[in-house]
Amino acid sequence: MAKKDRVRLWNIKTLGKNIFAKFFGFEQGVDITNDTAVLYRRNVVIKNIIFLSNMMYSIILLILSLSVEGQVSDWVITVIAFPLTYVINKMLKKLINMDPNDKTKQSVAMYVAAFYIFFSSVLIYARLYQKEYFETGAYILMYYAVVVISLYQEKKLLSSSFQALLAILTAIHLIWTYNFHGLVNGQSIIEF
């Protein structure tokens, strides 16, 4: 391999590392002693992760729509998901960049981003859990949301997210998965 080829290959590797660091590096260009700057950078990185998550959710919904024949509701959900994810990303970007030096605004952006990643994974979970081949992936998405939220390293946010995850999964299993209402045959709680 000639020296020119090695230099060219090295530049491609460096370029790839720089791009990854720019979009997903938590400490990229941040004074780590400034809490507001660190929170701002976390918001930016997690917004980029949410963008990739939205792309993956859209691909999953598209695959699901293609695999089901004749049901208009599957396509409606897929078509609505595209502009909705775009609007959410624009809103997050505007909220994060509104004032990078204001800790309160960055905290609000953190909670909005965490709520959105959690809410979107719950919706995708509710959409996928009935499908035979997607059930495991649906569970993985729920815990993926908790992992993304844990990147904030905020104890209160992570605790409340995990509690909400447990409550929502329990409700989904009682209502939809196990059809609890069908098991009681219309009886009241006391009669049951």
Side-chain angles (χ1 to χ4, degrees), residues 16-28 30 38-68 73-98 100 105-169 171-172 176:
K17 288 179 184 177
N18 289 338
I19 289 174
F20 186 80
K22 178 182 176 185
F23 290 110
F24 302 107
F26 280 101
E27 297 175 357
Q28 183 72 18
V30 174
V38 170
L39 183 57
Y40 171 74
R41 184 63 189 165
R42 284 183 184 159
N43 281 334
V44 169
V45 169
I46 290 176
K47 181 193 70 70
N48 293 334
I49 292 171
I50 288 173
F51 175 74
L52 288 178
S53 299
N54 285 340
M55 299 313 275
M56 292 305 297
Y57 293 161
S58 297
I59 290 170
I60 289 170
L61 288 174
L62 183 64
I63 290 171
L64 188 63
S65 296
L66 291 173
S67 67
V68 177
S73 63
D74 292 331
W75 283 103
V76 169
I77 292 170
T78 303
V79 169
I80 290 174
F82 285 114
L84 183 64
T85 56
Y86 176 78
V87 168
I88 294 293
N89 269 340
K90 284 296 185 184
M91 183 190 74
L92 274 175
K93 184 176 182 179
K94 189 171 187 171
L95 188 61
I96 291 168
N97 293 323
M98 189 180 299
K105 289 182 181 173
Q106 294 305 313
S107 294
V108 168
M110 173 184 68
Y111 281 102
V112 168
F115 175 76
Y116 174 70
I117 191 70
F118 185 71
F119 184 70
S120 64
S121 66
V122 167
L123 289 179
I124 297 295
Y125 173 82
R127 181 73 183 97
L128 295 178
Y129 82 93
Q130 293 177 341
K131 306 300 178 193
E132 183 179 347
Y133 299 110
F134 291 104
E135 185 177 1
T136 303
Y139 281 110
I140 291 171
L141 287 176
M142 294 302 293
Y143 295 105
Y144 166 76
V146 173
V147 168
V148 171
I149 291 169
S150 71
L151 293 175
Y152 277 117
Q153 298 177 350
E154 180 74 27
K155 183 180 177 182
K156 184 178 178 183
L157 179 65
L158 186 60
S159 173
S160 60
S161 296
F162 182 74
Q163 290 170 358
L165 170 74
L166 190 62
I168 289 174
L169 281 179
I172 287 173
W176 289 323

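Just so you know, residue 1 is the first one in the sequence shown, and it goes up from there. Owing to the predicted nature of the structure, the values given are computational and were not obtained by experimental measurement.
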For residues 150-158, which side-chain N or O atoms pair as donor and acceptor with protein atoms under 3.5 Å away, sequence neighbours left out?
| unit_1 | atom_1 | unit_2 | atom_2 | d |
| --- | --- | --- | --- | --- |
| Ser150 | OG | Val147 | O | 2.6 |
| Tyr152 | OH | Asn43 | OD1 | 2.8 |
| Gln153 | OE1 | Arg42 | NH2 | 2.9 |

> Of all residues at least two apart in sequence or in a different chain, which pass the ring-ring contact (aromatic ring centres under 6.0 Å, His included) check with Phe119?
Replying inline: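 Applying ring-ring contact (aromatic ring centres under 6.0 Å, His included) to Phe119 gives Phe115.
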>> Which residues pass the side chain to side chain contact (heavy atoms under 4.5 Å, CB included) test with Ser160, not counting sequence neighbours?
In response: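 Listed in chain order: nothing, the list is empty.
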> Can you name the residues that form a side chain to side chain contact (heavy atoms under 4.5 Å, CB included) with Tyr86, not counting sequence neighbours?
Replying inline: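 Result, side chain to side chain contact (heavy atoms under 4.5 Å, CB included) vs Tyr86: Lys90.
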>> Does any part of the side chain of Ile168, heavy atoms only, come nearer than 4.5 Å to the side chain of Phe118, both counted from C-beta?
In response: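 Result yes, sub-4.5 Å side-chain heavy-atom pair found.
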> Given Ile124 and Met142, is the side-chain contact (heavy atoms from CB on, under 4.5 Å) satisfied, shown in steps?
Replying inline: CA-CA 9 Å; Ile124 297 295; Met142 294 302 293; over 6 Å; no
Got a list of side-chain donor-acceptor pairs under 3.5 Å for residues 48-57, not counting sequence neighbours?
| unit_1 | atom_1 | unit_2 | atom_2 | d |
| --- | --- | --- | --- | --- |
| Asn48 | ND2 | Phe23 | O | 2.8 |
| Asn48 | ND2 | Val44 | O | 3.4 |
| Ser53 | OG | Ile49 | O | 2.9 |
| Ser53 | OG | Tyr144 | OH | 2.5 |
| Asn54 | OD1 | Tyr116 | OH | 2.8 |
| Asn54 | ND2 | Ile50 | O | 3.4 |

>> With side-chain contact (heavy atoms from CB on, under 4.5 Å) as the criterion, how do Gln106 and Ile96 come out once you've worked through the C-alpha distance, each side chain's angles and the decisive distance to 0.1 Å?
In response: CA-CA 6 Å; Gln106 294 305 313; Ile96 291 168; 4.0 Å; yes
> Is there a side-chain contact (heavy atoms from CB on, under 4.5 Å) between Ile149 and Phe162 once you walk through the steps?
Replying inline: CA-CA 10 Å; Ile149 291 169; Phe162 182 74; over 6 Å; no
> Taking only residues two or more places apart in sequence, or in another chain, which ones meet Asn89 in a side-chain hydrogen bond (donor to acceptor under 3.5 Å, both in side chains)?
Replying inline: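 For Asn89 there are no side-chain hydrogen bond (donor to acceptor under 3.5 Å, both in side chains) partners, ignoring immediate neighbours.
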